[in-house]
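Down below is the structure, laid out as structure tokens.
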There are 2 protein chains.
Amino acid sequence: MRASAMQRSIGTVIKKTQALTVHDVARLAGVSTMTVSRAINTPDKVSPLTLQKVKQVVAQIGYVPNAMASGLRLSRAKLVAAVLPTLTGPVFQETVRSLASALDQAGYQLMIGQTGYETSREDALLDAVIRRRPDGIVLVGILHSVEGRRQLLSSGIPVVETWDLTPTPIDMLVGFSHERIGESVCRFLAGKGYRRPVLLTASDPRAQRRLEGFRRAAGTLGLEVPAVVVDAPTTLASGRSAIAETLALYPQTDAVFCSSDMLALGVLIELNARGLVVPRDMGVVGLGDIEFARSLDPPLTTVKIDGVRMGELAAQLIVSRSQGVRIDQHIVDIGFEIVERDST
Amino acid sequence: MRASAMQRSIGTVIKKTQALTVHDVARLAGVSTMTVSRAINTPDKVSPLTLQKVKQVVAQIGYVPNAMASGLRLSRAKLVAAVLPTLTGPVFQETVRSLASALDQAGYQLMIGQTGYETSREDALLDAVIRRRPDGIVLVGILHSVEGRRQLLSSGIPVVETWDLTPTPIDMLVGFSHERIGESVCRFLAGKGYRRPVLLTASDPRAQRRLEGFRRAAGTLGLEVPAVVVDAPTTLASGRSAIAETLALYPQTDAVFCSSDMLALGVLIELNARGLVVPRDMGVVGLGDIEFARSLDPPLTTVKIDGVRMGELAAQLIVSRSQGVRIDQHIVDIGFEIVERDST
DNA sequence: TTGAAAGCGCTAACAC
DNA sequence: GTGTTAGCGCTTTCAA
């Protein structure tokens, strides 16, 4: 009978197997604990014979070192924390995935904390994060709380902010300028002959700055740019309703710049449902260039944000810093790129 | 030369700020370290006056307890690990998000490990996970490696498998039957009058079992069911090409059951591009009922998988177990539901 | 090349 | 209600 089946039928509680330690290995291998530690961490500082003996015992009894103990001793958790608004939605996914991969390759694990768009949760979350003494903290998206900023600063833990660009980061930063995106998209649309663009803007500060950039550029062209606000996080459904609202309020609109590709997909679907043809009746620009953007019908013109690169760079900054390397380039602007496809 | 050695030789090393400990608080508050510990963890076991004094010092100097130290002392990391194929794609997102939230509320943090669909990576990843002595491990999706199974079992760490149903879980399980989904969707489509269904099937074992279930049910109805295989992870683009292939190979197809909602979206887009009308010319069924399914045009008939509930239950099982509660229900079948909308 | 001692920061158990 | 002692498992330092 299998163990689990037995437990269910009889109701036995599992005996908690006593976890193995260096002492167990040391005893069985006939060496000191220190030698075990060396055999595992710096094998070249141990004679081939002892090394082999220790390795064999480790394999045989299935010893796995305790990271809490070594972390405490070394003051290095080999852990990095990512703090983000939410794991849901395609926006930050690529960044987090590549961050996790890059860290993994360097022997670090990733811990996740979601603020859930509530500023009140941020402080408690940061406290929980700092308790673990991670080797670094990656902020994906914005940190609102002022108290949180202070906590991070005084913790002395390396911090990388992402997805934004500010001249005054907490510590390090890998991002891009939302204002410049607004400006660029405005010029791009104007260059294509669009004269009555509308922004479908998420209710977050970064979207707000894209709007400002867009309007600034539009001002020099003598254009007025209305904005339709959408609650964050943006969804396909909110894209459909936002374009419906746009058509009702500003029927002469000839192009929309959406706060995300998902929003843009909603727009495409709603326009298609209304028998309107993109780009003939309406130009559509997305943001993110997530996986499906190129596969839509028509393929979506969008602003490519290199989330993978951002994650990799963030990982690199933290790993270097935690190994004591001086970081000269505290602020990295990874830029963006307007990918022109058939929706404009 | 090791990277760190090289860095040291260049000589640009930064000194770390000394982190605060209970001793600092104790000294400044004029009490013992034990009293500080009590003031923080069991405030009701401390006199109101000392409590206030300690709290004030803590706030003033910004002391944050060291979780590695308490974790080591208590043998409780207050950490749960989630191991999954990839963070990308909408499939497991809801599960992971709700898992993180539920754990957070119970005072646990979530650590992420991605196997990246490579069995070879699984063992190394599990080793890294077990080192941290998490209070539980949640397997999202399947664990392929036999050695990994063994490692997990002998670690004694509570394990919850999800997104599947097997009579022989490693430990605990929260999932649903993929075979029954196949059967149900087959009967559903047959009931709607469809006679030539095709499956767009991802190349993973769970999708395979849905196909088997579908074919078994189809067999009793005298139907043959071809399958078009799509590489995991499924994407919108692979949906477009899969339906194109389907139309070429099996032109009389009257319905498709897709391995994910994203795949189904690709199908809808491709059919729309070809001037085919859903459901008149083709019935489409998705899997997952992710956020956008109801907002598509037409709204997508799909199999609702309650990822949020799965995450919550997994969290609950682990938290209970780690608090010493006996778990009688080792296997929880959360079922599924066919949500009929307008695409069939 | 190997080992003994000490301590990372915290808290259970036991005194007072 | 508070303090003292000891030790969680590991690894740096120093001695052999």
Side-chain angles (χ1 to χ4, degrees), chain A residues 16-55 58 61-79 130-135 155-156, chain B residues 4 8 16-55 57-58 61-79 130-135 155-156 324:
Chain A
K16 194 136 195 186
T17 29
Q18 187 62 41
L20 299 163
T21 76
V22 271
H23 292 94
D24 300 302
V25 180
R27 193 165 25 79
L28 291 169
V31 297
S32 75
T33 60
M34 202 45 237
T35 300
V36 175
S37 174
R38 276 194 275 256
I40 291 171
N41 301 305
T42 51
D44 45 321
K45 292 192 169 180
V46 161
S47 83
L49 189 68
T50 31
L51 178 58
Q52 199 215 320
K53 239 189 325 185
V54 172
K55 273 191 162 173
V58 166
I61 67 175
Y63 167 71
V64 179
N66 184 326
M68 286 190 288
S70 63
L72 176 60
R73 180 64 238 243
L74 300 172
S75 300
R76 300 176 90 260
K78 282 281 195 173
L79 185 73
I130 294 172
R131 272 173 200 244
R132 306 233 172 240
R133 303 289 189 270
D135 301 296
S155 76
Chain B
S4 52
R8 247 176 289 123
K16 266 195 178 156
T17 31
Q18 189 62 40
L20 299 163
T21 76
V22 271
H23 292 95
D24 299 302
V25 180
R27 193 164 26 80
L28 291 169
V31 297
S32 74
T33 59
M34 198 53 231
T35 301
V36 174
S37 175
R38 276 193 276 256
I40 290 170
N41 302 304
T42 49
D44 45 323
K45 291 191 171 181
V46 159
S47 85
L49 188 68
T50 32
L51 177 59
Q52 200 214 319
K53 240 189 322 187
V54 172
K55 274 191 161 174
V57 172
V58 166
I61 67 176
Y63 167 71
V64 180
N66 183 326
M68 285 190 288
S70 64
L72 176 60
R73 179 64 238 241
L74 301 172
S75 300
R76 300 175 91 260
K78 282 283 195 172
L79 184 73
I130 294 172
R131 271 172 201 246
R132 305 225 174 247
R133 303 290 190 270
D135 301 297
S155 76

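Letters go in sequence order (proteins before strands), and every chain restarts at 1.
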With sequence neighbours excluded, what pairs up with A:Val22 under the side-chain contact (heavy atoms from CB on, under 4.5 Å) test?
A:Thr33, A:Val36, A:Tyr63

Phosphate contact (C:dG9 OP1 or OP2) by B:Tyr63 side-chain N/O below 4.0 Å
no

Pairs satisfying salt bridge (Lys or Arg N to Asp or Glu O under 4.0 Å), at least one member in residues 25-37 of chain B, at least two apart:
B:Asp24-B:Arg27

Taking only N and O in the side chain of B:Ser70, is any of them less than 4.0 Å away from OP1 or OP2 of C:dC10?
no

Assess whether side chain to side chain contact (heavy atoms under 4.5 Å, CB included) is satisfied between A:Val25 and A:Leu20, documenting all intermediate values.
CA-CA 8 Å; A:Val25 180; A:Leu20 299 163; 5.9 Å; no

What is the distance, to the nearest angstrom, from the CG atom on A:Asn66 to the P atom on C:dC8?
18 Å

Tell me, please, which residues at least two apart from B:Arg133 pass salt bridge (Lys or Arg N to Asp or Glu O under 4.0 Å).
none

Atom-pair distance (CZ on B:Arg27; P on C:dG9), nearest Å:
13 Å

Minimum-distance nucleotide to A:Thr21 side chain [options: D:dC8, C:dC10, D:dC10]:
D:dC10

Please list, chain by chain and in numerical order, all residues satisfying side-chain hydrogen bond (donor to acceptor under 3.5 Å, both in side chains) with B:Arg38, sequence neighbours excluded.
none

Looking at residues at least two apart in the chain, or sitting in another chain, which of them share a side-chain contact (heavy atoms from CB on, under 4.5 Å) with A:Leu51?
A:Ala39, A:Pro43, A:Val46, A:Lys55

Protein-nucleotide distance (A:Leu20, atom CG; D:dG9, atom P), rounded to Å
10 Å

Nearest-nucleotide 5' precedence on DNA chain D, B:Thr50 against B:Ala69:
B:Thr50

Return the set of residues passing side-chain hydrogen bond (donor to acceptor under 3.5 Å, both in side chains) with B:Thr50 (not counting sequence neighbours), or none when no residue passes.
B:Ser47

What residues from residues 40-48 of chain A pass a heavy-atom cutoff of under 4.0 Å to DNA chain D?
A:Asn41

What's the CZ-P distance between A:Arg76 and D:dT11, to the nearest Å?
12 Å

Taking for each residue the nucleotide of DNA chain C bearing the nearest heavy atom, is the 5' side occupied by A:Leu51 or by B:Val64?
A:Leu51

Could you give the NE2-to-P distance, from B:His23 to C:dG7, as a whole number of Å?
12 Å

Check nucleotides 12-16 of chain D against the protein and report each pair of N or O atoms closer than 3.5 Å, with its distance, or say if there are none.
from, atom 1, to, atom 2, distance (Å)
D:dT12, O4', A:Arg73, NH2, 3.4

Between atom CD1 in A:Ile130 and atom P in C:dG9, what is the gap in whole Å?
17 Å

Nearest whole Å is fine: how far is D:dC10 P from B:Arg132 CZ?
14 Å

Quick one: bend of the helix from C:dT1-D:dA16 to C:dC16-D:dG1 from 5 pairs per end, to 10°?
30°

Please lay out, stage by stage, how B:Arg76 and A:Met68 fare under the test side chain to side chain contact (heavy atoms under 4.5 Å, CB included).
CA-CA 10 Å; B:Arg76 300 175 91 260; A:Met68 286 190 288; over 6 Å; no

Rounded distance (Å) that lies between atom C1' of C:dT11 and atom CE of B:Met68
17 Å

Under 3.5 Å, is there a donor-acceptor pair between the side chain of A:Ser32 and the main chain of A:Thr35?
yes

Pair listing, salt bridge (Lys or Arg N to Asp or Glu O under 4.0 Å) test, anchored in residues 63-75 of chain B, at least two apart:
none

Any side-chain N or O of A:Thr33 less than 4.0 Å from the OP1 or OP2 oxygen of D:dG9?
no

For A:Thr21 and A:His23, indicate whether the former's side chain and the latter's backbone hold a donor-acceptor pair under 3.5 Å.
yes

Can you name the residues that form a side-chain hydrogen bond (donor to acceptor under 3.5 Å, both in side chains) with B:Ser70, not counting sequence neighbours?
none

